[in-house]
Amino acid sequence: MLYRRLGQNVEVRKLGVTYGKVEAVRDVSFAITPGEFITLLGPSGCGKTTVLKMIAGLIPDHRGMIAFGGERIDHLPPNRRNIGLVFQNYSLFPHMTVSENIGYGLRMRRWPADSQAARIREMLALVRLEGLGARKPDQLSGGQQQRVALARALAFQPDLLLLDEPLSNLDAGLREGVRTDLRGIQRRTGQTTILVTHDQEEAMVMSDRIVLMNAGRIEQIDTPEQLYSMPATEFAARFTGAGNILYGVYLRDGEADRICIDGLEAPMSVSTRASTVGPPGSPAAACIRPEQIVVRARNDVATLEAFWPHALMTTGQVIDLAFCGGTAILHLDVPGLGLLKCARPAMEVEGLRFSDHVAVAILDCHLLPRGE
Ligand SMILES: Nc1ncnc2c1ncn2[C@@H]1O[C@H](COP(=O)(O)OP(=O)(O)OP(=O)(O)O)[C@@H](O)[C@H]1O
Ligand SMILES: [Mg+2]
């Protein structure tokens, strides 16, 4: 029972809601396949919780449609949508034991008593809380309470699990543990899930696909890998990781896409992977991820050129150097380009010091349409 794949496609189309004069959400459309883990990612106030509430039936007067398995459910009240919900603040029933909390949805749905007991045992094992069924919520740690909330939401086999910032009340160490647990449980149960978070790292490590939101609408829908390597907009590039954004003009050189970067005395071109910026001559931006920049001591340019013959070569000065585990984060002052952030394996930059003049190679960049 626990390991079946749930077989419902979920589709939302043109969801929207306006509060007073504020259009909190507009034209939000996406589809989820059975067993998929989707994350709504975006800054505070962009409408993530509002979308989740519409799907759960908690905002009656919204625009658009919601369908499970091809059938519209947007006219149904919340308790008839078969959705499991977990919020940031656990919201367990304090007067009920852990087992009673987990069994709540089963009692509401009138499962037979022996099936309820078996399902509660199964859920306690799933979230690794065997033996704690008789405790009250206030006798559990935050991480344990959050796992009870998850077990309660999963117990009645919802068509869809909705998680709104479920990890943000946990401290950093615990958060990583519960994150891994949550993803493991989701994979084992094949539970179709929508997570809401404003934490891009959480979204990246947990999701099959990310729905990136900005000011009430969808900015981009993609896998974490695609979102990181091919952000569609400047907003997507900035929100999905520390990027270096440089401005210039898009050029077409035979078969190759290039960008002429502003502010360089002798204009330079950088080869790119894709272009959605309009015809050659259009203003464009280049997103250069920190790991696409390599540095060496100034007298070591030949090694850079030999290793990366197609890279853009320049020079700069180290103005900040910090070690973060096995990764070194460097800030480079590159004449013409300004400040660039670079991330290298710590071993590779051993010997480099603050204020050193260095040779810099930009390996790759991604073209973006220029933001407003
Ligand atoms: N009931 C309401 N009445 C009026 N405005 C609302 C209401 N609910 C939400 N809003 C507004 O709608 C916008 C989206 O809110 P929402 O709670 O969906 O954001 P969010 O992306 O979940 O943000 P956060 O990451 O801070 O939780 C915000 O500008 C918010 O102020
Ligand atoms: Mg929210």
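Both ligands and their constituent atoms are indexed starting at 1 by order of listing.
Classification of the Phe93-His95 ring pair by plane angle, with boundaries at 30° and 60°, yields tilted.
By the definition of a contact as any protein heavy atom under 4.0 Å away, atom 18 (O) of ligand 1 is in contact. Counting only heavy atoms, the protein never gets under 4.0 Å from atom 30 (C) of ligand 1.
Summarising the contacts of atom 23 (O) of ligand 1 with Gly20, Gly45, Pro43, the nearest heavy atom is found in Gly45.
Taking any N or O of Ala24, backbone or side chain, none lies under 3.5 Å from an N or O belonging to ligand 1.
Within 6.0 Å of CG on Asp61 lie no more than 12 heavy atoms contributed by other residues, nucleotides or ligands.
The nearest protein atom to atom 15 (O) of ligand 1, hydrogens excluded, is given as Thr50 OG1, 3.6 Å; this is a heavy-atom distance. Nearest non-hydrogen protein atom to atom 9 (C) of ligand 1 is Tyr19 CE1, 3.7 Å.
Between Glu130 and Arg128 there is no salt bridge, since none of the side-chain N atoms of the basic residue sits less than 4.0 Å from a carboxylate O of the acidic one. Salt-bridge check for Arg296 with Glu305: failed, with every basic side-chain N at 4.0 Å or more from each acidic carboxylate O.
Listed by atom number, the atoms of ligand 1 under 4.0 Å from Cys46 heavy atoms are 19 (O), 21 (O).
Residue Thr50: no N/O/S atom is found under 2.8 Å from the Mg ion (ligand 2).
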Test side-chain contact (heavy atoms from CB on, under 4.5 Å) applied to Thr197 and Thr39, step by step: CA-CA 7 Å; Thr197 183; Thr39 296; 3.6 Å; yes
